[in-house]
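Shown next, in structure tokens, is the structure this report addresses.
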Amino acid sequence: MLTIETSSDVEFRTALALSAATGAEVHLEGLRVWRRHLSWAAAAAALCGGGVQGALGADGLILSPGAVGAGSHELAIGLGHSAVELALV
């Protein structure tokens, strides 16, 4: 498992995307987990058949990716989030 200290949303999303693409489990820490972080992590997990461990207000979370699969994916976008933010994952 890789442990990555993140200090910005861009670093957080980049680490999620790289984890999903490479299949390497990653522990993201150093950034308080807000709803947007959980949404991005859930989107990455959905796209790669993985799982997320973490809770709102925690000091980090873990993404355990599976294999990225082709196909159609449907992601829920809550209030305060945008399709562009999810696309950046």
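The figures that follow rest on heavy atoms only: side chains count, while hydrogens, waters and symmetry mates do not.
- Applying the salt bridge (charged side-chain N to carboxylate O under 4.0 Å, His left out) test to every pair with at least one member in residues 14-23, sequence neighbours left out, gives no pairs at all.
- In this view, S64 and E25 satisfy the side chain to side chain donor-acceptor pair (under 3.5 Å) rule, not counting sequence neighbours.
- Shown here are the side chain to side chain contact (heavy atoms under 4.5 Å, CB included) partners of E29, two or more places apart in sequence or in another chain: T3, E5, H27.
- Listed by chain and number, the residues in a side chain to side chain contact (heavy atoms under 4.5 Å, CB included) with A21 amount to none (sequence neighbours excluded).
- In this structure A45 satisfies the side chain to side chain contact (heavy atoms under 4.5 Å, CB included) test together with V52, L63, sequence neighbours excluded.
- When hydrophobic clusters are built by joining Ile, Leu, Val, Met, Phe, Trp and Tyr residues whose side-chain heavy atoms come closer than 4.5 Å, directly or via intermediates, L18 is not grouped with I4.
- The structure places CH2 of W34 at 13.0 Å from CZ of F12, a figure rounded to the nearest 0.5 Å.
- With a 4.5 Å cut-off between side-chain heavy atoms of Ile, Leu, Val, Met, Phe, Trp and Tyr, the cluster of I62 takes in M1.
- A distance-only check finds a donor-acceptor pair linking the side chain of S19 to the backbone of A24 [under 3.5 Å].
- The side-chain hydrogen bond (donor to acceptor under 3.5 Å, both in side chains) contacts involving residues 44-56 comprise nothing, where partners must be two or more places apart or lie in separate chains.
- Applying the side chain to side chain donor-acceptor pair (under 3.5 Å) test to D9 and every residue at least two apart in sequence or in another chain returns R36, H37.
- For the salt bridge (charged side-chain N to carboxylate O under 4.0 Å, His left out) condition, the pairs that include at least one residue of residues 50-70, sequence neighbours left out, are R32-D59.
- Annotation: side chain to side chain contact (heavy atoms under 4.5 Å, CB included) contacts of S7 (sequence neighbours excluded): E11.
- When all heavy atoms of A20 and V68 are compared, the closest pair comes out as O-CG2, 3.3 Å.
- A salt bridge (charged side-chain N to carboxylate O under 4.0 Å, His left out) check over residues 39-55, counting only residues at least two apart or in different chains, returns nothing.
- The salt bridge (charged side-chain N to carboxylate O under 4.0 Å, His left out) contacts involving residues 62-73 comprise nothing, where partners must be two or more places apart or lie in separate chains.
- For the pair L56 and L38, the minimum side-chain heavy-atom distance is below 4.5 Å.
- Under the 4.5 Å side-chain heavy-atom criterion for Ile, Leu, Val, Met, Phe, Trp and Tyr, L31 and L2 are members of the same hydrophobic cluster.
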